[in-house]
There are 2 protein chains.
Amino acid sequence: MTVVTVQDVKSTPRATLLLRDLDRGEGINLFDGTHCSTCQLRELCLPGGLTGRDIGRMDELVYGRKRVKRGQFLYQAGDPFHSLYAVRTGFFKSNLLMEDGRDLVTGFHMMGEVMGMDGIGTGTYASNVTALDDCEVCALPYTHLENLSRNMPSLQVHFHRILSSEIVRARSVILWLGSMCAEQRLAAFMLNLSQRFTARGYSPSEFYLRMTRVEIGSYLGMKHETVSRLFSRFQDDGLVSVRQRRIRILNQEGLKNILEQRVPSAPH
Amino acid sequence: MTVVTVQDVKSTPRATLLLRDLDRGEGINLFDGTHCSTCQLRELCLPGGLTGRDIGRMDELVYGRKRVKRGQFLYQAGDPFHSLYAVRTGFFKSNLLMEDGRDLVTGFHMMGEVMGMDGIGTGTYASNVTALDDCEVCALPYTHLENLSRNMPSLQVHFHRILSSEIVRARSVILWLGSMCAEQRLAAFMLNLSQRFTARGYSPSEFYLRMTRVEIGSYLGMKHETVSRLFSRFQDDGLVSVRQRRIRILNQEGLKNILEQRVPSAPH
DNA sequence: CGCGAGGTTGACAATTGTCAAACGCCGTGG
DNA sequence: CCACGGCGTTTGACAATTGTCAACCTCGCG
């Protein structure tokens, strides 16, 4: 795996220096015509809710695109923090490599979603982000974002909104892990994927998983054998059709009902 | 239980109106001498890292204190969002009341910690916050915070830092729930409490739990009987002394070792 | 065509939940 | 002041979900 490392920009506060430093990073394409104002993902992404000339001002912010090949890191835990990244195409996972060698998956990220917010607090990314596909992201240098949002209340508001919704998202995973049995966690996961694909204009009922059973299991706190068995059970019950990574949801209501079940035997 | 409700301030954007509206809330004491500049919790709280005159400017931000009696809500999921709250004294839990009646605990909050960030995104608090003690909090009206942080880069930076660290905190709970067995989760919990008490100048090895076994279990994704059994086991092993809610950590290294164990039988 | 990673399934074992009983602590009311 | 009642805690016996280990299968790729 190739590791993409970029310079720490903390010692070079001025914007021009920042740009030069970032330029040393691998795989960043500058001035390639990437603009929020013409991006179809705008409403799902950081500029969501901005209007008129404010959108044009966002274009200053996006420093450039960066390609990440399947299996490569976008960044790793411990790398110096300097940018947020918005997914343009492809699919990522956030993961932690634990001392004992296990790979713990903490999230999956698709088009329009913003990654890297865990690095703001410490100046160092707190997890890895790994491409599950050949991917493309927009790099948003953080000091630019801070400066721009000071002068653009609508951006400030929306940025805080995105930070906050990341907190809410994490809390919903805690809810899955803390209060649902394996069956319910997997149902919630598939409904969540379906909903996110729908918001992006894809089919709500048919999609390809970009991650392995092991990665799903790690994310949902269960072993890959359990994931596999549950897929089979759902298929037997006529709720979904599963063949390898191709998922078709046949009975969305049925899946939702699983979440409601007054769990006779709660997991924990 | 008494529910403390406060007005929605969205329809009254101007600061003066905001102040009048908040004044209608129960239990808020205005101008009672609460000041960040003289607060001992400053470094742990929102003004952390600010210097000189910037600290003085924070005083504008803190609208007043508010007392919440044991068992009362500070706010409830669904209440309109207008303020963040910093804990001055006492102990809180964040919790969600689920349709089936279960009470899911998503966090515990002690002195100096900031609560309510889950409401920024939607304009509505996403969970309840319940006092486990008789408590006192500082109310930080959010529109004030936004305005002040636009003109005070050091505050902006630190506010973003706090939002980000909330994301990191949530992720560490996900790590507990997703990758550790019950024994490890409880050990991690006790070490986490110990570390937070230490940061506030209390004993690292001796403290009272403010929450019940049921609440601990809910937070850690296990039943209260399991919590109880594990406390007993830890006591038998000489790691801690537990009598009701009084905890004494006798062997911190031993607790840490539990976390390292190459889990022969991982939970999930 | 064969290899290897990923996926499925089975038999068994382990952790953890369930149900039940008993105990201690504490505040309320007689 | 004491008794009572309720909530929280502890402990036991048993059952359930989920992990473990192992075998086999599928598919894509060199």
Side-chain angles (χ1 to χ4, degrees), chain A residues 1 70-71 93 100 102-105 132-133 176-187 208-236 240-247 258 261-268, chain B residues 1 69-71 93 100 102-105 132-134 176-187 208-236 240-247 258 261-268:
Chain A
M1 287 197 186
R70 176 191 163 113
K93 69 172 175 181
D100 61 11
R102 280 181 301 172
D103 174 68
L104 187 79
V105 177
L132 297 178
D133 263 338
W176 293 358
L177 293 174
S179 77
M180 291 177 166
C181 66
E183 190 180 30
Q184 294 177 308
R185 298 204 291 274
L186 188 63
Y208 280 87
L209 299 175
R210 291 336 210 302
M211 67 295 278
T212 67
R213 300 289 191 262
V214 172
E215 286 161 338
I216 296 173
S218 172
Y219 181 56
L220 296 178
M222 62 186 87
K223 295 293 166 192
H224 66 102
E225 295 97 328
T226 305
V227 176
S228 194
R229 271 188 255 273
L230 289 174
F231 273 139
S232 302
R233 191 194 303 174
F234 287 160
Q235 185 158 242
D236 293 345
V240 298
S241 142
V242 184
R243 262 224 354 243
Q244 300 293 120
R245 303 202 180 175
R246 180 217 190 98
I247 301 281
I258 289 181
Q261 276 166 34
R262 178 133 194 28
V263 195
S265 54
H268 349 250
Chain B
M1 284 196 185
K69 289 236 175 79
R70 176 191 163 116
K93 69 171 176 182
D100 60 11
R102 280 181 300 171
D103 174 68
L104 189 79
V105 177
L132 298 178
D133 263 339
D134 288 351
W176 292 359
L177 292 174
S179 78
M180 293 177 166
C181 66
E183 189 180 31
Q184 294 177 308
R185 298 204 290 276
L186 188 62
Y208 279 87
L209 298 174
R210 290 338 207 306
M211 67 295 279
T212 67
R213 302 289 191 263
V214 171
E215 285 162 339
I216 296 173
S218 172
Y219 182 57
L220 296 178
M222 62 186 87
K223 295 293 166 192
H224 67 104
E225 295 96 328
T226 305
V227 176
S228 191
R229 272 187 254 273
L230 290 173
F231 273 138
S232 300
R233 193 195 301 172
F234 286 160
Q235 185 159 241
D236 292 346
V240 296
S241 142
V242 184
R243 263 222 357 239
Q244 301 291 120
R245 301 202 181 174
R246 180 217 189 97
I247 301 282
I258 289 181
Q261 277 165 34
R262 175 128 197 34
V263 195
S265 55
H268 350 249

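Residue numbers start from 1 in every chain, and the chains themselves are labelled A, B, ... in the order their sequence lines are given, proteins ahead of strands.
- Evaluation of the side chain to side chain contact (heavy atoms under 4.5 Å, CB included) rule for B:Ser241 yields B:Gln235, B:Arg248, B:Leu250 as partners, not counting sequence neighbours.
- Interatomic distance, CE of B:Met222 versus CG of B:Leu230, reported as 6.0 Å (0.5 Å rounding).
- Taking atom CG on B:Asp236 and atom C1' on D:dT11, their separation rounds to 12 Å, with Å as the unit.
- Toward the 5' end of DNA chain C, the nearer of the two residues B:Leu230 and B:Glu225, judged by each one's closest nucleotide, is B:Leu230.
- Side-chain contact between B:Leu209 and B:Arg246: absent, with no pair of heavy atoms (C-beta onward) separated by less than 4.5 Å.
- Atom CZ in B:Arg102 sits about 13 Å away from atom C1' in C:dG17, given to the nearest Å.
- Phosphate contact (OP1/OP2 of C:dT9, side-chain N/O of A:Ser232, threshold under 4.0 Å): present.
- Donor-acceptor pairing under 3.5 Å, judged by distance alone, is present between the side chain of B:Arg229 and the base of C:dT18.
- Put simply, CG on A:Leu220 is 12 Å from P on D:dT18, counting in whole angstrom units.
- One can place NZ of B:Lys223 at 21 Å from P of D:dG12, the figure rounded to the nearest angstrom.
- Inter-residue side-chain proximity for A:Arg229 and A:Glu225 is flagged as met; some heavy-atom pair is nearer than 4.5 Å.
- Residue contacts shown for A:Glu183 are absent, as no nucleic acid heavy atom lies under 4.0 Å away.
- Atom-to-atom, CZ of B:Arg246 to P of C:dC26 comes out at 13 Å; the value is rounded to the nearest Å.
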Distances under 3.5 Å between nitrogen or oxygen atoms of protein and nucleotides 2-7 of chain C:
unit_1	atom_1	unit_2	atom_2	d
C:dG7	OP1	A:Arg245	NE	3.2
C:dG7	OP2	A:Arg213	N	2.8

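- By the 4.5 Å heavy-atom criterion applied to side chains, B:Ile216 and B:Leu186 are counted as neighbours.
- One interatomic measurement links the two molecules: CD1 of A:Ile216 to P of D:dT18, which rounds to 16 Å at whole-angstrom precision.
- Between the CG atom of A:Leu186 and the P atom of D:dT17 there is a distance of 16 Å, given to the nearest Å.
- With sequence neighbours excluded, no residue forms a side-chain hydrogen bond (donor to acceptor under 3.5 Å, both in side chains) with B:Arg245.
- Contact between the side-chain N/O atoms of B:Thr226 and the OP1/OP2 oxygens of C:dT16 is not found at any separation under 4.0 Å.
- Between the P atom of D:dG8 and the CG atom of B:Leu209 lies a distance of 14 Å, rounded to the nearest Å.
- Annotation for A:Thr226 and A:Ala182: closest pair CG2-CB, 4.2 Å, computed over non-hydrogen atoms.
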